[in-house]
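Since we're looking at a predicted model, the values are computed, not measured.
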Amino acid sequence: MCDSCGCGVGDEAVTFTKHGDHHHHGEGHTHTHADGSTHTHDHEHPHTHDHDHSHNRTIAIEQDILGENSLLAQRNRGYFEAKNVYTINLVSSPGSGKTTLLEKTLTEIKDIPFAVIEGDQQTMNDADRVASTGAPVLQINTGNGCHLDADMIHTAYKELQLKDDSVLFIENVGNLVCPALFDLGENTRVVIISVTEGEDKPAKYPTMFDTANICIINKIDLLPYVQFDVEKCKEYALQVNHHLEFFELSATTGEGMDAWYTWLRENIKK
């Protein structure tokens, strides 16, 4: 199971599928035991991942797992820097419009080489939508898992064979809790909130907004029909993270997308 948050994912449950290929499991995984020791193994091994985890050791185990993830994220970051790949981790609750934002961006910007890693529990739906734009995409299905981690990203970008000087989007599993804990080696973390959600999401899920660099408020075309106070949402978010940069847009109608494109072009040059 996912030892850090109890979401129920095991290494065996994670599959990687490059669009057009059959899915496969990762070649090997670094596994952390309750005593702090780690090893890497294939899936063909005689023992299970079940261990006797007492509650009073939960915090220590979580620290071990997040520490190991941070080391793997640094490895990813070094790889991205060597290839000059700008990496953006998209995080949000389910239904905020992450995939629509991606589709719109990949369709309207054709002079930048993009690649996409999709995170989802079960389906290829989002990968199929992104593939229709022509961008290379790989789907990670996490089973019951509620987040991507740095080791999954390492396996995925090896499969994608990223081009130098490209941009990699990572669409994380829809969840405003666990993805906030896992550094993937990204340059920028973008949290997306739609106006069909409550404006108090930043107050309810502060860690996600605290670890983000950008906050996109999506679906503004629906503002006349819903009760959502944009300024109040920003106020809540800034109370958590006063460095946040905001974009208000509708990925469906295209309103406000130009500002997002301008930011994208300016930052990938850095």
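With sequence neighbours excluded, no residue forms a salt bridge (Lys or Arg N to Asp or Glu O under 4.0 Å) with Glu199. Remark: Thr123 engages Asp120, Asn125 in a side-chain contact (heavy atoms from CB on, under 4.5 Å) (not counting sequence neighbours). Listed by chain and number, the residues in a ring-ring contact (aromatic ring centres under 6.0 Å, His included) with Phe80 are Tyr157 (sequence neighbours excluded). By the ring-ring contact (aromatic ring centres under 6.0 Å, His included) test, Tyr236 is found to be paired with no residue, residues two or more places apart in sequence or in another chain being considered. Not counting sequence neighbours, Thr133 has no partner by the side chain to side chain donor-acceptor pair (under 3.5 Å) test. Applying the side-chain contact (heavy atoms from CB on, under 4.5 Å) test to Asn241 and every residue at least two apart in sequence or in another chain returns Asp210, His243, Leu244. Shown here are the ring-ring contact (aromatic ring centres under 6.0 Å, His included) partners of Phe209, two or more places apart in sequence or in another chain: there are none. Listed by chain and number, the residues in a side-chain contact (heavy atoms from CB on, under 4.5 Å) with Val230 are Ile217, Leu223, Phe228, Lys234, Glu248 (sequence neighbours excluded). In this structure His19 satisfies the ring-ring contact (aromatic ring centres under 6.0 Å, His included) test with no other residue, sequence neighbours excluded. Evaluation of the side-chain contact (heavy atoms from CB on, under 4.5 Å) rule for Asp165 yields Asn84 as partners, not counting sequence neighbours. Residues satisfying the salt bridge (Lys or Arg N to Asp or Glu O under 4.0 Å) test with Glu171, not counting sequence neighbours, are none.
Across all their heavy atoms, Lys104 and Gly254 have their closest contact at CE-CA, 4.0 Å. The shortest non-hydrogen separation linking Asn141 to Gln122 is ND2-C, 3.2 Å. Residues Ala180 and Arg189 approach most closely at O-NH1, 3.0 Å, considering heavy atoms. Shortest non-hydrogen contact noted between Gly95 and Ser194 is O-OG, 4.3 Å. Nearest heavy atoms, Ala131 versus Val137: CB-CG1, 3.8 Å. Between Lys163 and Val85, the shortest heavy-atom contact is O-CG2, 3.6 Å.
The side chain to side chain contact (heavy atoms under 4.5 Å, CB included) test with Asn172 is passed by exactly one of Val191, Leu90, Leu148, Val190: Leu148.
Side chains of Tyr86 and Leu264 form no contact here, defined as non-hydrogen atoms less than 4.5 Å apart. In this structure the side chain of Phe182 reaches within 4.5 angstrom of the side chain of Leu66, judged on heavy atoms. Between Glu68 and Asp151, every side-chain heavy-atom pair lies at or beyond the 4.5 Å cut-off. Residues Lys18 and Leu138 have side chains in contact (heavy-atom distance under 4.5 Å, counting atoms from C-beta outward). Residues Met208 and Asn175 fail the side-chain proximity criterion, which asks for heavy atoms closer than 4.5 Å. Considering only heavy atoms from C-beta on, Ser96 comes within 4.5 Å of Glu197 through its side chain. The side-chain heavy atoms of Lys201 and Cys233, taken from C-beta on, include no pair separated by under 4.5 Å. Leu102 places none of its side-chain heavy atoms less than 4.5 Å from the side chain of Arg129.
Clustering ILVMFWY residues whenever any of their side-chain heavy atoms sit less than 4.5 angstrom apart, transitively, puts Trp263 in the very cluster that holds Ile112. With hydrophobic clusters built from ILVMFWY side chains whose heavy atoms lie under 4.5 angstrom apart, Val226 does not share a cluster with Leu249. A continuous path of Ile, Leu, Val, Met, Phe, Trp and Tyr side chains, each step under 4.5 Å between heavy atoms, connects Leu160 with Leu184, placing both in one hydrophobic cluster. One hydrophobic cluster holds both Leu101 and Ile268 under the rule that ILVMFWY side chains link at heavy-atom gaps under 4.5 Å. The hydrophobic cluster containing Ile220 also contains Ile193, counting ILVMFWY residues as joined when their side-chain heavy atoms lie under 4.5 angstrom apart, directly or transitively.
Atom CD of Gln139 and atom CG of Asp126 lie 6.5 Å apart (nearest 0.5 Å). How far CD1 of Ile117 is from CG of Leu168: 4.5 Å, rounded to the nearest 0.5 Å. In this structure, Asp183 CG and Ile153 CD1 are separated by 10.5 Å, a value rounded to the nearest 0.5 Å. Going from atom NZ of Lys204 over to atom OG of Ser93 covers 11.0 Å, rounded to the nearest 0.5 Å. Here the straight-line distance linking atom SG of Cys178 with atom CG of Asp149 works out to 11.5 Å at 0.5 Å rounding. Taking OG1 of Thr87 as the start and CZ of Phe169 as the end, the distance is 10.0 Å to the nearest 0.5 Å.
Each side-chain hydrogen bond (donor to acceptor under 3.5 Å, both in side chains) pair with one or both residues in residues 214-232, not counting sequence neighbours, appears once here: Asp221-Ser250.
The closest donor-acceptor contact from the side chain of Asn213 to the backbone of Thr188 lies at 3.5 Å or more, if one exists at all. Formation of a donor-acceptor pair under 3.5 Å by the Asn89 side chain with backbone atoms of Glu186 is not found in this model. In terms of modelled atom types and a separation under 3.5 Å, the side chain of Lys83 and the main chain of Leu162 share a donor-acceptor contact.
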After noting the C-alpha distance and the side-chain angles of His147 and Leu181, does the key distance pass the side-chain contact (heavy atoms from CB on, under 4.5 Å) rule?
-> CA-CA 9 Å; His147 62 271; Leu181 301 176; over 6 Å; no

Applying side-chain contact (heavy atoms from CB on, under 4.5 Å), run through Leu72 and His154 and close with a yes or a no.
-> CA-CA 8 Å; Leu72 295 171; His154 173 69; over 6 Å; no

